[in-house]
Peer 1: 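Handing you this structure, nothing more for now.
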Amino acid sequence: MMVKRQVSLLALLVAGACPAAADAPLYKVVDGYKVDAKTMEGFRAWRAAACDRCHGANQEGLVGPSLLERMKTLTKEEFVKTVRDGRLDKGMQSFGNSPIVMSNMDNLYAYLKGRSDGAITRAKVQPMP
């Protein structure tokens, strides 16, 4: 129980100081790898888009940068713009035409923030029971 409460508080802090964000945590995680349904959809979008080809299976970087580090400083707006529009000069393709990515942008952001924050301790997650 204490772990769940600590993780929920962490998620609230990560979500930001705005009142709307405080009402709905960005993600929920238990035991480091069991996540809520929306975060699970973010993981599935990650896999479907094959983001691991550039960012590595554990988001630690490969050809592309480590998202574990980059997500610590990237704002949500910057994240959305980068994923939607790409950064061709850096080798990042656009996912603006990908329905699975675009319809799961918030979920993908939550999954990657959870990984970057250290709350989600494994790249491969499972749904909460």
Peer 1: Return the CH2 to CG distance between Trp46 and Asp52, rounded to the nearest 0.5 Å.
Peer 2: 6.5 Å

Peer 1: Side chains of Glu78 and Thr73: closer than 4.5 Å at any heavy-atom pair?
Peer 2: no

Peer 1: Taking atom CE of Met102 and atom OG of Ser94, what is their separation to the nearest 0.5 Å?
Peer 2: 8.0 Å

Peer 1: Drop me the distance from Asp31's CG to Met128's CE, to the nearest 0.5 angstrom.
Peer 2: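 With rounding to 0.5 Å, CG (Asp31) is 9.0 Å from CE (Met128).
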
Peer 1: Provide the closest heavy-atom pair for Asn58 versus Leu68 in the form atom of the first, atom of the second, distance.
Peer 2: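 Nearest pair, atom of Asn58 first, then Leu68: O-CD1, 3.7 Å.
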
Peer 1: Does Lys81, at its NZ atom, have more than 12 non-hydrogen atoms belonging to other residues, nucleotides or ligands within less than 6.0 Å?
Peer 2: no

Peer 1: Which distance, rounded to the nearest 0.5 Å, do you find between the CZ of Arg115 and the CG of Leu67?
Peer 2: 10.0 Å

Peer 1: Taking Glu41 first and then Arg44, would you say they form a salt bridge - that is, a charged N and a carboxylate O separated by under 4.0 Å?
Peer 2: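 Salt bridge flag = yes for Arg44 with Glu41.
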
Peer 1: Check for a donor-acceptor pair, side chain of His55 on one end and backbone N or O of Glu60 on the other, with a separation under 3.5 Å.
Peer 2: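 No, the answer is negative, given that no donor and acceptor are paired below the 3.5 Å cut-off.
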
Peer 1: For Asn104 and Tyr111, test the side chains for any donor-to-acceptor distance below 3.5 angstrom and give the result as yes or no.
Peer 2: no

Peer 1: State, to 0.1 Å, how close Ala123 and Phe43 come at their nearest heavy-atom pair, and which atoms those are.
Peer 2: O-CE1, 3.3 Å

Peer 1: Could you tell me whether a side-chain N or O of Glu69 sits under 3.5 Å from a main-chain N or O of Ser66, the two making a donor and an acceptor?
Peer 2: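 No: the side chain of Glu69 does not pair with the backbone of Ser66.
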
Peer 1: Determine whether Ile100 and Phe95 fall in the same hydrophobic cluster, where Ile, Leu, Val, Met, Phe, Trp and Tyr are linked whenever their side-chain heavy atoms lie under 4.5 Å apart.
Peer 2: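 Yes.
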
Peer 1: Given Tyr27, which of Asp117, Thr39, Asn107, Asp36 fulfils the side-chain hydrogen bond (donor to acceptor under 3.5 Å, both in side chains) condition?
Peer 2: Asp117

Peer 1: How many angstroms lie between CZ in Phe79 and CE in Met105, if you round to the nearest 0.5 Å?
Peer 2: 6.0 Å

Peer 1: Does a salt bridge link Lys76 with Asp106, judged by any charged N lying under 4.0 Å from a carboxylate O?
Peer 2: yes

Peer 1: Using 0.5 Å steps for rounding, measure from the CE atom of Met40 to the CD atom of Gln126.
Peer 2: 7.5 Å

Peer 1: Answer yes or no: is there a side-chain heavy-atom contact under 4.5 Å between Thr82 and Met92?
Peer 2: yes

